[in-house]
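First listed ligand is number 1; within each ligand, the first listed atom is number 1.
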Amino acid sequence: MTASPPLEHWPLIIIGTGFAGLSLALQRMNDGQEDFIVLEQAQSPGGTWRDNRYPGCACDVPSHLYSLSCAPPWDWQRKYAEAPEIEAYLAHLAHSLGARIRYRAQVRSASWQAREQLWQVELDDGSRLTCRFLVAGVGPLSEPAWPDLPGLENFAGPLLHTARWPRDRDLKGQRVGLIGTGASAIQVGPALAPEAAQLVIFQRTAPWVVARKDHPYATGTRRLLGKLPCLRRAYRAWLYLTRELKGLAFLWPGLMRRIEKGVRRDLAHQVSNPQLRQKIMPRTPMGCKRILLSDTWWSTLELPHVTLETDPIQHIEAAHLVTETGARYALDALVLATGFRYQDNPMARLFKGENGLTLEDFWKAQRSAYLGMMMPSFPNFFLLTGPFSGLGHNSIVFMIECQTRWIQSALAHVAAQGKNEFKVRAQAYATFTEEMNQRSKKTLWMQGCQSWYLDPAGRNTALWPGFSLSYWWRTRHFDAKDFDYA
Ligand code: N01
């Protein structure tokens with residue numbers, strides 16, 4: 001009889017090479033701890049910035065703020081970086097981790113082994129690894145949401161989801177339909193319009209759009225930012241604080257209403273066609289969904305070969321899209337900018353905590369995580385950018401860095417106690433969830449919009465209901481009394 005090979009064991013396994021996974025890996029390297037491996041399902045790093053490659057894809061947070069403070073500086077080319085530059089930045093960071101990243105290592109399941117006090121991680125190729133601590137940086141917006149539209153499967157032309165755009169797909173000279181008017185749509189629409197023969201945009205809800213004021217950095221500015229770390233830090237702090245101040249409007253609806261008036265005025269000035277103006281004037285309170293940034297959305301909608309259709313879609317045929325009032329649009333290609341499966345992200349099925357309980361089952365009553373990271377029944381397991389740790393008004397990278405620092409102090413505390421296992425107490429988790437629920441009720445996100453922030457019961461489970469600074473304050477220390485140890 002041949003003995004089965006010993007399982008490969010690591011003190012820490014990190015899953016994912018997006019901003020979250022790389023942030024923790026680099027933070028740990030900087031702290032002189034090289035006891036981990038990073039598993040990446042694809043053959044290159046980058047997470048969402050590798051997968052979202054639709055034309056026009058860019059970041060709506062300024063680059064100098066949308067980068068890791070624990071990593072070497074990057075010579076950003078413009079105020080709002082485009083996706084390829086962000087992907088190159090992440091690839092550069094990943095390169096510095098060398099063989100610590102294992103590519104084409106797709107996690108099939110990860111289950112807690114109570115007796116051994118270990119996580120067992122199984123990969124798609126059948127190999128298995130174990131680790132004491134497991135961190136999932138798998139991204140909350142990773143799984144595309146396909147709309148449930150009658151006949152969608154009958155469409156004969158290319159069906160392209162923004163989150164799974166094929167390389168080098170050219171829609172030149174084609175009649176293109178675009179479903180959705182969210183953050184992805186307002187980027188892909190203006191990028192497709194110049195090359196499409198016709199572009200029909202199907203809008204269900206008119207979004208709030210404000211000017212982005214994007215521009216390339218002058219060579220002199222880049223040189224100065226590269227040479228003067230204090231200037232770079234001051235610039236980053238200024239970008240951070242101006243965004244943080246915008247958070248005031250989310251807490252004081254009176255302030256948001258004043259901003260609303262300004263946007264309505266801009267819209268009336270910039271859009272000359274009164275019928276179009278009527279269609280794009282938002283009817284939901286500003287801020288109850290993500291406020292979108294664009295310098296080109298409204299002007300794209302005014303182009304003669306672009307149509308904004310607001311009639312609901314009735315069904316889709318092989319070469320047509322038909323609306324409820326009977327309008328038939330002949331289309332060669334259909335672009336779905338319909339977002340992500342946040343509330344029912346299938347990744348929750350991968351993780352099995354105590355007694356084989358999956359995260360999906362654990363979240364049946366409500367998606368939540370203590371400080372956006374930990375759940376009872378899931379010892380030694382951390383989620384990055386988990387429930388209640390998203391942001392609507394500032395950089396998610398700031399939240400990620402708060403989380404990675406907190407994880408580092410948690411791991412240091414457990415090691416100092418000489419323990420193998422720790423988990424958040426059910427009471428601490430319940431108190432945190434209740435606090436989030438109460439604070440969310442006062443936010444704009446729960447004032448009548450449908451969005452991926454809300455669960456089927458209409459509760460915010462995605463965003464941190466406060467200033468990001470208050471999240472930093474809460475995560476600056478590890479609160480040992482909220483945990484059980486073994
Ligand atoms: O997705 P969304 P997204 N029939 O869910 C419409 C991040 N992000 O990919 O508004 C017709 O916001 C839907 O209509 P409605 C960012 O966090 C960041 O645009 O629900 N329409 C909506 O218009 C963002 O919040 C960047 O009525 C249907 C659209 O599709 C998140 O990703 C860039 C439909 C979906 O909008 C998601 O943004 C891009 C149907 N059946 C994205 N189903 C940055 O710059 C859906 N829609 C950092």
Side-chain angles (χ1 to χ4, degrees), residues 18-19 47-49 51-63 65-67 79-83 85-87 139-152 160-165 177-191 200-210 212 214 243 280 282-284 287-294 297 308-316 321-324 334-345 385 389-397 399-400 445 448-454 460 462-464:
F19 269 101
T48 191
W49 294 103
D51 296 338
N52 282 265
R53 48 180 64 253
Y54 57 84
C57 184
C59 188
D60 60 9
V61 176
S63 336
L65 186 57
Y66 200 75
S67 35
K79 185 170 177 196
Y80 294 96
E82 291 169 358
E85 190 182 6
I86 305 175
E87 191 186 357
L141 300 176
S142 50
E143 192 64 27
W146 293 80
D148 189 13
L149 292 167
L152 184 65
L160 308 165
H161 196 290
T162 45
R164 292 290 180 272
W165 200 268
L178 166 61
I179 301 180
T181 51
S184 303
I186 64 135
Q187 294 181 340
V188 76
V200 187
I201 301 172
F202 298 92
Q203 171 185 283
R204 195 164 63 176
T205 309
W208 284 94
V209 183
V210 299
R212 192 162 172 242
D214 185 26
R243 260 134 210 91
I280 57 181
R283 285 166 183 76
T284 52
C288 76
K289 286 189 182 213
R290 191 176 178 93
I291 298 171
L292 309 182
L293 267 60
S294 174
W297 180 243
L308 183 73
E309 178 56 85
T310 52
D311 275 346
I313 299 166
Q314 193 206 54
H315 72 275
I316 295 168
L321 189 150
V322 183
T323 71
E324 280 185 4
L334 197 50
V335 174
L336 306 173
T338 46
F340 299 88
R341 291 173 63 183
Y342 177 81
Q343 296 292 341
D344 65 338
N345 191 330
T385 62
S389 66
L391 273 188
H393 70 284
N394 213 326
S395 173
I396 189 68
V397 177
M399 302 296 271
I400 287 172
W445 315 313
C449 283
Q450 292 279 336
S451 75
W452 62 266
Y453 303 161
L454 308 183
N460 162 53
L463 303 192
W464 174 251

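No side-chain heavy atom of Leu293 sits less than 4.5 Å from a side-chain heavy atom of Asp214. At a threshold of 4.5 Å between non-hydrogen side-chain atoms, the residues Cys288 and Tyr453 do not count as touching. For the pair Val335 and Thr162, the minimum side-chain heavy-atom distance is below 4.5 Å.
Side-chain N or O atoms of Thr181 include one that pairs as donor or acceptor with a backbone N or O of Thr205 at under 3.5 Å.
Between His161 and Trp146, the angle of the ring planes lies from 30° to 60°, which puts this pair in the tilted group.
Within 4.0 Å of ligand 1, contacts by protein heavy atoms are made from Tyr54, Ala58, Cys59, Asp60, Leu141, Pro147, Leu149, Ile179, Gly180, Thr181, Gly182, Ala183, Ser184, Gln187, Arg204, Thr205, Lys289, Arg290, Ala337, Thr338, Gly339, Phe340, Trp452.
For Trp208, the ring-ring contact (aromatic ring centres under 6.0 Å, His included) test picks out no residue, with sequence neighbours left out.
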